[in-house]
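Here is the structure we will look at.
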There are 2 protein chains.
Amino acid sequence: MSDPPTMQTESFAVFPNPPPTELARFLDIGGYKWTAADQAGEILDRSGDADRVGEQRSTWAGSLVVVDDRAEDAWRFCRELRKRDVPVEPTLILVSGSRLDDLVTRDDLFDDFIIMPFLPQELEARLQHLQWRAGRGVRPELIVYGPLSLNVETYQAMLEDRPLDLTYMEYELLRFLAASPGQVFTREVLLNRVWGYEYYGGARTVDVHIRRLRAKMGEEHSSLISTVRGVGYKLGQSRWQNG
Amino acid sequence: MSDPPTMQTESFAVFPNPPPTELARFLDIGGYKWTAADQAGEILDRSGDADRVGEQRSTWAGSLVVVDDRAEDAWRFCRELRKRDVPVEPTLILVSGSRLDDLVTRDDLFDDFIIMPFLPQELEARLQHLQWRAGRGVRPELIVYGPLSLNVETYQAMLEDRPLDLTYMEYELLRFLAASPGQVFTREVLLNRVWGYEYYGGARTVDVHIRRLRAKMGEEHSSLISTVRGVGYKLGQSRWQNG
DNA sequence: GGCCGGATTCACATGCCGTTAACACGCGGC
DNA sequence: GCCGCGTGTTAACGGCATGTGAATCCGGCC
């Protein structure tokens, strides 16, 4: 039936190794997984061979190829990737303005390109659009804390790979807490930020919703939300406290 | 009127009218044929009707849409073009850096984009690459999700190999949902994206169309569209593993 | 140990919100 | 013009999420 939300073990293949710092920074900050290589072989070896033991078999979200100094190597890299049946697509080319002419007659080797130096927002948008074209949709926006993960787009919550079905208010409250794990929020703050600034209700309302959340989380995880007596609630324990 | 019979008079549809001078200059210098318009209707009228006398029937190489001041109009332009059976594709968006955010969640409306102000060489390369892609027919015309499949070109919907006959609005709504399976859309978003930004109507309208869709899908498949209480609707199950 | 403030738990009333049916309007065809 | 159809609106219904009050429990403090 409907496939589970693809747990992103998918990573991007990046040429060259090491990639330009601005690219590495972008990928790391954006939370993308990536693997750099100088030879297409290194990538392809890691793809197939499920029988290879002890090593994680990777699937690929696409490839990012920098065409600059080592232009010939870069294009060879692309050509290699396209040859194999293991799709490491889509391919996005990062090209310096002076090498724009390299693109002509090579349309078959890439799916999109971007000029360096690039705006992070532009690269973000291009990657997203490529993913969309590939039928993968936008990569899910997830809030993860320990065993808990919230998919903001589908309004789904998972606890240790089991779905948690929450009501609207429960979800909103949990999402707010999970957005700042470890931070304590007073009931008043929670009422303002989750229920809305114009909301005037008793402070007990928060208590009850916390209670319902804990109940749905089950006994073993109910302590994920901890009470700070006299103050309010927070998600998770502070590390320095008692331990 | 005296073009050689083999000569296609393909030109680019351009929004808005008049386009920014830098774009007009680029097109003229590059020897591209183009026609600017403010309404998609002007473009579409010029497409069909071969019997229309004294007026040149045009075929289109693609469309160039500037998203800047009149962003809403621009997106409506794109949407109109995508709806019709007359393909005015591929679509390239020219967007100012400050409006890059407009691109997210609109992946279905364009094939590529470029940031203004642009390098002529970059636009040249993008147009060429788009043409190359178009020749290969890369654009997917089938949307498939589980037992449901939509043929975007023929406006036909199938459910478990049985044809579903849907009205126009029903089809548009279902297509929009199916384009991002699992993602929840509020009624407001659906009204904006499916009915159009200029549409102001009651939110109940969405409910009723969802109801009609579910009815036509039959009892066994009506759960394909799931309700997220307090939020909106989405395509796909609320829980993906047995439950 | 007793007192007290605060947190937890339970039960219940309320009203929001999704569902559904029925109707009104506009448009195109016969 | 009439009729059928696609579409949007309105209203009634009903379920369930939500909020509230009260009882109970717990932890800290004198």
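Reminder, nothing fancy here: chain letters follow the sequence lines and each chain counts from 1.
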How many Å lie between CG on A:Leu190 and P on D:dG19, as a whole number? 13 Å
Taking the side chain of A:Thr227 as heavy atoms from C-beta outward, which of D:dT18, D:dT10, C:dT8 is closest to it? C:dT8
When you measure from the side-chain N and O atoms of B:Arg229 to the phosphate of C:dC16, is any distance below 4.0 Å, counting only OP1 and OP2? no
Taking CD in B:Glu219 as the centre, count heavy atoms belonging to other residues, nucleotides or ligands within less than 6.0 Å. Is the count above 12? no
Compare side-chain N and O positions of B:Arg214 against OP1 and OP2 of C:dT19 and report whether any pair is under 4.0 Å apart. yes
Tell me, with the steps shown, if A:His129 and B:Phe113 meet ring pair (Phe, Tyr, Trp, His ring centres under 6.0 Å). CA-CA 10 Å; A:His129 188 61; B:Phe113 67 92; 7.1 Å; no
OP1 or OP2 of C:dG6 sitting under 4.0 Å from any side-chain N/O of A:Arg187? no
Rounded distance (Å) that lies between atom C1' of D:dT9 and atom CG of B:Leu191: 13 Å
Pair A:Glu170 + A:Arg212: basic N to acidic O under 4.0 Å: no
Testing D:dA17, C:dT19, C:dA7 for proximity to the side chain of B:Tyr233, the answer is C:dT19
D:dG8, C:dA7, D:dT10: which one has an atom nearest the side-chain heavy atoms of B:Arg212? D:dG8
For A:Met169 and B:Glu170, find the nucleotide of DNA chain D closest to each by heavy atoms; which residue's nucleotide sits nearer the 5' end? B:Glu170
Between atom CG in A:Leu173 and atom P in D:dT18, what is the gap in whole Å? 10 Å
Could you tell me how far apart A:Arg204 (CZ) and C:dG5 (P) are, to the nearest whole angstrom? 13 Å
Under a 3.5 Å threshold, yes or no: a donor from one side chain and an acceptor from the other, between A:Trp132 and B:Asp108? no
To the nearest 0.5 Å, what is the distance between CG (A:Leu127) and CZ (A:Phe26)? 5.5 Å
Hey, is the side chain of A:Thr205 poking within less than 4.0 Å of OP1 or OP2 on D:dT20, counting only N and O atoms? yes
Of the nucleotides C:dC10, C:dT19, C:dA7, which one has an atom closest to the side chain of A:Val208? C:dC10
d(CG, B:Asp207; C1', C:dC17) in whole Å: 9 Å
Spacing between B:Tyr155 atom OH and D:dG6 atom C1', to the nearest angstrom: 15 Å
Tell me: CE of B:Met217 to P of C:dT19, nearest whole Å? 13 Å
Residue B:Thr167, side-chain heavy atoms: nucleotide from D:dT7, D:dG19, C:dT19 that is nearest: D:dT7
Below the 4.0 Å mark, does D:dT7 have OP1 or OP2 next to a side-chain nitrogen or oxygen of B:His209? no
Please check the phosphate of D:dT18 (OP1 and OP2 only) for any side-chain N or O of A:Trp195 closer than 4.0 Å. no
A:Arg211 has an atom CZ; how far is it from atom P of D:dC25, in whole Å? 14 Å
